[in-house]
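Quick notes on the structure that follows.
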Amino acid sequence: MRIILFLILMPLSLTIKAQPDFQVLHAKVDFSDILHPWDGFGVNYVETSQTIDYDEYAQDYGGFNILSIQDRNEIIERVFGEDGLKVNILKMFLDPFHQDKPGGIYDHKTTTESMRYFARRGNETVNARGSQLQIITTLYGPPPYMNTIGKIRGRDLYSVYKSDLADYMVDWVRFLRKEEQLPVKYLSLHNEGEDWGRMPVDGGLENNTHRHLDYNMYWSPELVVDFLKLMSERLENAGLGGVGITPGEGTNWYRFNSMGYAKAIADDTVAINRMGLITSHGFYNGRFWRLFSGTSNHGTWRLQQLRPDLKAWTTSMSWMNSTLDFVNLVYYHIYLARVNAVIPWAFIQRPQLWEKGDPNPGNAFTVFEDSTYIITRGYYLYKQLTQAGQPGMAVSYTECMDPSVYLFGFSSNETRNPDAFIIANNGYSFVGQVDAIEVNLDVDGIRKTVFLNHKDHIAGNLRNSPEIREGMRFSSEITDKGYTMEAAIPWKVLGRLPDAIDTLKMDFQIVSGAEDLENVVGWLPQSRDNKELVQVYLGNESEDHHALKTSVLPQIDGKKEKLWDKAGSLRVNYQRLQAARFELNGLIYLMYDNENLYLLAEVADETNLKHKRFAVGLEGTTYKVFDAYRTSYNGEEYKFIGQFKKENGLVQYDSPTHSVTTFIGVK
């Protein structure tokens, strides 16, 4: 029996291993495991995009036409310069207003002044830093006379003008290359021309649901194949044989495959052999419905089986409201669609000029009607990517044990650019949900409710009544412990001035986005009489709960100033959430003057602040030291945070949640 027992236990003892320490997330970048070559990141300047009559409405969505020369040049340097985005790819549109009748003269200048200025100065800036710009130009829509209804945005091409449309595109390329001296590398047939549903037969001119859309006509798979063959010949005959033709740009990569475009091209030997590049947009907003769907490389894979040399570019995608979701979406394109370049939708926007609002919110620069501009968080998030992934590098294999972290790797690939990797830390899987505070204010028995939302200000404000939406100011910030919410609520919203009120009854419902926002979850303040509403005394500092009258106004920027320490506060404790996985607590501070009631919520919420500790194994690189730059939601804007050494094959790093950190090898 002893011998039998020993033989049974021996194998079991050999299988016992130390369990991994999940306090540290293990990841790997193998720079020697090359997935595909990388052509770089780009930008798209959008000028004439929606106007029906350019003489009546000379649209410049990019806004350069109202900016000073100094501001224009600052933006160009921030986009193309060594210390800016450092992009090497530019997309330029060919709008429908360059010819007004069959055989008419071409006017390539009137509707493209700002875009061409941006392209010329961008080309100069790229050349000055010893690099080269690549331009892809895309047909935004043919002149109205070329479609079957003779109106702008008509759906179908009038077949007798097929040759005229080819000449229209060829002459634009000739103009850019010969007269503007711009390095046009590719000509793309259409911009979302696969979406027949957004281009009614009548062009949608009298249909308000379509007036906010941009140009184009319907391009069937058969028409795309036809023009791939036709355009390559026309370009060659015009002495522009070095310009590659692309099959146009559908709404996303899923459609390129599922709507038959990839197969139609693959089945035509002449068409696929005359292609210079595979292109598509990559719009996806996390939902699956008619306009959006996921991304994949199924269509490109089919074509690359026949033409392994063909590359694929994503030529437009959403900025995802300038949130970390933008970085995540870029990851999907590079690692799932396996593209070789990414160009987001319009990087600079003058919001008032897009009718009904841009359906893909976010950008890198916003231009205001007073001829000023701001740099948005989208710019800094994009810079994390563009500085690391330069042209000529290669996409490297990466892995990470946490699916809420996206890890990019760019190998030097024998260029002068150093190996680089990027950690995009999304925090917990539920960070997309919204933390919110519901404030109930009771004056003379009349209750007013104010909603404050962290991470989604717009959604919160929409829940407020119109008078609160118009009068209230609000901001929020992530802190070391959780986040703050700060608001100024006008007394006129409450219907009484403070000198007519001795006490104010208040109730707070504070909701963690880690839980179900649709249910009644949150905390209540602990009042002395244990009732739901708390008595807040105005100006009486001797009471437990008071609001301080102030002559110094808080900034309403989401940051706690020293001024708030003098204000009365209410301790907020976990009370109602029986199944809570985290201990929740916070303080509510109150001040007022004759105009506003000021509120600061200082919330400790573990679900919003967790750092993640990384041990990133680096293989296939000779770099031992990496400069690190970070953008995060505590206000950092592509900030240098120090150097990290590779020790025992690893780089150790504590990453804040909702942050992107780029590590660039130091030579």
Side-chain angles (χ1 to χ4, degrees), residues 434-443 446-479 481-498 501 503-513 517 522-525 533-539 545-572 584-605 608 633-635:
V434 178
D435 298 313
I437 293 182
E438 177 183 313
V439 184
N440 290 302
L441 301 155
D442 190 307
V443 180
I446 300 175
R447 179 171 293 197
K448 299 282 187 177
T449 300
V450 178
F451 296 95
L452 311 175
N453 279 26
H454 176 55
K455 294 199 294 287
D456 192 347
H457 301 176
I458 296 175
N461 205 28
L462 289 176
R463 296 179 65 187
N464 289 313
S465 60
E467 67 272 15
I468 292 175
R469 285 202 299 268
E470 294 175 4
M472 186 183 69
R473 289 179 289 139
F474 171 71
S475 185
S476 70
E477 282 287 333
I478 286 181
T479 66
K481 297 181 179 180
Y483 56 87
T484 57
M485 296 186 186
E486 191 174 21
I489 306 168
W491 284 110
K492 63 181 181 180
V493 170
L494 305 179
R496 293 285 296 276
L497 295 177
I501 305 172
T503 62
L504 186 66
K505 295 180 180 180
M506 305 187 75
D507 163 52
F508 301 92
Q509 304 280 342
I510 305 182
V511 181
S512 172
L517 291 178
W523 321 310
L524 289 175
L533 294 181
V534 174
Q535 298 278 356
V536 175
Y537 297 85
L538 303 186
H545 304 317
H546 71 276
L548 174 71
K549 189 167 186 178
T550 180
S551 59
V552 181
L553 303 183
Q555 293 296 316
I556 313 299
D557 56 4
K559 299 175 183 177
K560 184 185 177 186
E561 307 161 71
K562 291 183 178 180
L563 173 66
W564 282 108
D565 291 330
K566 300 178 182 179
S569 63
L570 296 132
R571 170 66 60 180
V572 181
L584 307 173
N585 61 83
L587 285 171
I588 304 290
Y589 297 86
L590 297 164
M591 291 191 294
Y592 73 98
D593 59 16
N594 291 331
E595 300 294 329
N596 299 290
L597 173 66
Y598 302 102
L599 180 149
L600 176 75
E602 189 176 27
V603 181
D605 184 353
N608 283 292
Y633 280 78
N634 67 357

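Heads up: numbering here begins at 1 and tracks the sequence.
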Tyr483-Glu477 side chain donor-acceptor pair, cut-off 3.5 Å: no
Which atom of Pro490 lies closest to which atom of Gly471, heavy atoms considered: CG-O, 3.3 Å
Under 3.5 Å donor-acceptor, Ser476 side chain and Met485 backbone: no
Residues forming a side chain to side chain donor-acceptor pair (under 3.5 Å) with Asn594, sequence neighbours excluded: none
With Trp491 via side chain to side chain donor-acceptor pair (under 3.5 Å) - residues at least two apart: none
Met591 side chain reached by Leu563 side chain, heavy atoms, under 4.5 Å: yes
Residues forming a side-chain contact (heavy atoms from CB on, under 4.5 Å) with Glu595, sequence neighbours excluded: Asp593
Test side-chain contact (heavy atoms from CB on, under 4.5 Å) applied to Val552 and Glu561, step by step: CA-CA 11 Å; Val552 181; Glu561 307 161 71; over 6 Å; no
Side-chain donor-acceptor pair present, Trp564, Glu486, cut-off under 3.5 Å: yes
Chi angles and distances behind the side-chain contact (heavy atoms from CB on, under 4.5 Å) call for Val439, Phe451: CA-CA 6 Å; Val439 184; Phe451 296 95; over 6 Å; no
Considering all heavy atoms, the nearest Leu548-Ala567 contact: CB-CA, 3.9 Å
Residue pair Ala547 / Tyr592: nearest heavy atoms and the distance that separates them: O-CE2, 3.2 Å
Chi angles and distances behind the side-chain contact (heavy atoms from CB on, under 4.5 Å) call for Leu600, Leu590: CA-CA 7 Å; Leu600 176 75; Leu590 297 164; over 6 Å; no
CG on Asp557 to OG on Ser475, rounded to 0.5 Å: 6.0 Å
CA sep, side-chain torsions, deciding dist, call: Thr484, Val603, side-chain contact (heavy atoms from CB on, under 4.5 Å): CA-CA 6 Å; Thr484 57; Val603 181; over 6 Å; no
